[in-house]
Undergrad: 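This structure is in structure tokens; I'll ask about it shortly.
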Number of protein chains: 2
Amino acid sequence: MARLSDIIENFLKGLIIEEEGAVEIQRNELASKFNCVPSQINYVISTRFTAEKGYYVESRRGGGGYISIKRLNLDSAGDYLMHIITSIGDRITQFTSEVFINNFVDYNIIEVREAMIMKAATSDKVLADVPTEKRDDVRAAILKNMLMSLTVL
Amino acid sequence: MARLSDIIENFLKGLIIEEEGAVEIQRNELASKFNCVPSQINYVISTRFTAEKGYYVESRRGGGGYISIKRLNLDSAGDYLMHIITSIGDRITQFTSEVFINNFVDYNIIEVREAMIMKAATSDKVLADVPTEKRDDVRAAILKNMLMSLTVL
DNA sequence: AGTTTATAATAGTCAGAGAAAGTCAGAATC
DNA sequence: GATTCTGACTTTCTCTGACTATTATAAACT
């Protein structure tokens, strides 16, 4: 536990909790606080604050540069989404699909514009060329894949 | 975070909102307000008020010179979309579709999340159930309809 | 009065300095 | 052997200043 990386990791996690989900740091400043080389910060971030662990990291170089770390809200949106995705099944009608999409907006999972895009992508109109007996299958695949893409970011 | 460029950018954007879409400034005056060299203003404008970001900049030198910045009205984004929609044609491959979608992000027509949704909705994976010879037709219909939905709002 | 010329008042350009963060291979440690 | 740590080197973004280009206006000249 005396590993520097662990100490920095815990420090950052503490900060993230304090700041309620997101911090913005300066690499050099943090490095000098812990008396290490700046690249150590990169090491900590790349091993401890990965996407798989639910963090989203952005940075910018140059004067006034920074590194920002955000904790993704995987429990709320992500889990809920995954639950929905598995509950959709292999076929879905346009009507049911729209009900789902409207719910996502109500629950703040997606934006209004995103909802419009999703409805546009799953309408009967757009699937007119798909044989009737396959239409609801394709629609379910489209809807699920769109939702899946959101669990990533 | 204390980047001068950002401060000036925000100042100008605030002005643009106040003035409802267009401002006219004097380069030297603005520079002395922010205590920087005049060319800094050029830097801010060339990096933050680009055509891709929806701004139109004009200027004039000499006595009584000025720099004017106009925010392009949203209609033109819609026009741009309509132009693309009509140019897409009746069939499109997954690859070409992704190129288009990436362009929309570059031109600030859509958000990154929206792009992910669109890509998810037009992937080959999702259209696996559609007969091969119909696949590119369906994809074109989906893409166009998603874009159409954006021209409404 | 009309035209040319000089001067002052602007804005534009570009290369270089400065200020961050990123990378990666190798050393050190566990 | 895997993880951690280091440092030299790279890349990106910002800021500055010297120099250039353009325009308006006033002065000088027909």
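The sequence lines fix the lettering, A, B, ..., with proteins before strands; numbering per chain opens at 1. Below, all heavy atoms of this structure are taken into account, side chains as well, without hydrogens, waters or symmetry copies.
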Undergrad: For dG12(C), does OP1 or OP2 lie under 4.0 Å from any side-chain N or O of Ser59(B)?
TA: yes

Undergrad: Once you round it to whole Å, what is the distance between C1' of dT14(D) and CZ of Phe34(B)?
TA: 16 Å

Undergrad: Whole angstrom is fine here: how far is it from OH in Tyr66(B) over to P in dT23(D)?
TA: 10 Å

Undergrad: Roughly, in whole Å, what's the span from CD in Gln26(A) to C1' in dG22(C)?
TA: 16 Å

Undergrad: Reckon Arg3(A) has a side-chain N or O less than 4.0 Å from the OP1 or OP2 of dT4(D)?
TA: yes

Undergrad: Look at Asn28(B) and dA11(C) and indicate whether a side-chain polar atom (N or O) is within less than 4.0 Å of OP1 or OP2.
TA: yes

Undergrad: Taking atom NZ as the centre, does Lys70(A) end up with more than 12 heavy-atom neighbours from other residues, nucleotides or ligands that are less than 6.0 angstrom away?
TA: no

Undergrad: What is the distance, to the nearest angstrom, from the CZ atom on Phe49(A) to the P atom on dG22(C)?
TA: 14 Å

Undergrad: Just call it for Ser39(B): base, sugar-phosphate, or nothing, with non-hydrogen atoms closer than 4.0 Å on any strand.
TA: base

Undergrad: Would you call Asp137(A)-Lys134(A) a salt bridge at under 4.0 Å N-O?
TA: no

Undergrad: Between dT14(D) atom P and Asn42(B) atom CG, what is the distance in whole Å?
TA: 15 Å

Undergrad: Would Gln94(A) and Thr122(A) count as having a side-chain donor-acceptor pair, cut-off 3.5 Å?
TA: no

Undergrad: Does dT3(D) have its OP1 or OP2 closer than 4.0 Å to a side-chain nitrogen or oxygen of Ser5(A)?
TA: no

Undergrad: Could you state the atom-to-atom distance from CD of Glu58(A) to C1' of dG22(C) in whole Å?
TA: 16 Å

Undergrad: Go through dC5(D), dA21(C), dC15(D) for me and flag the one nearest to the Ile67(A) side chain.
TA: dA21(C)

Undergrad: Just call it for Gly62(A): base, sugar-phosphate, or nothing, with non-hydrogen atoms closer than 4.0 Å on any strand.
TA: base

Undergrad: Tell me the interatomic distance from Ile41(A), atom CD1, to dA20(C), atom P, rounded to whole angstroms.
TA: 15 Å

Undergrad: Can you find a side chain N or O atom of Tyr43(B) that sits less than 4.0 Å from OP1 or OP2 on dC15(D)?
TA: no

Undergrad: So, does the side chain of Arg61(B) form a donor-acceptor pair with the base of dA21(D) at under 3.5 Å?
TA: yes

Undergrad: Nearest whole angstrom, please: distance from the C1' of dG22(C) to the CG of Leu30(A).
TA: 16 Å

Undergrad: Hey, is Arg48(B) close enough to Glu9(B) for a salt bridge, meaning N to O under 4.0 Å?
TA: yes

Undergrad: For this output row, return yes or no: ring centroids of Tyr56(A) and Phe49(A) closer than 6.0 angstrom.
TA: no

Undergrad: Of Arg27(A) and Thr47(A), whose closest DNA chain D nucleotide lies nearer the 5' terminus?
TA: Thr47(A)

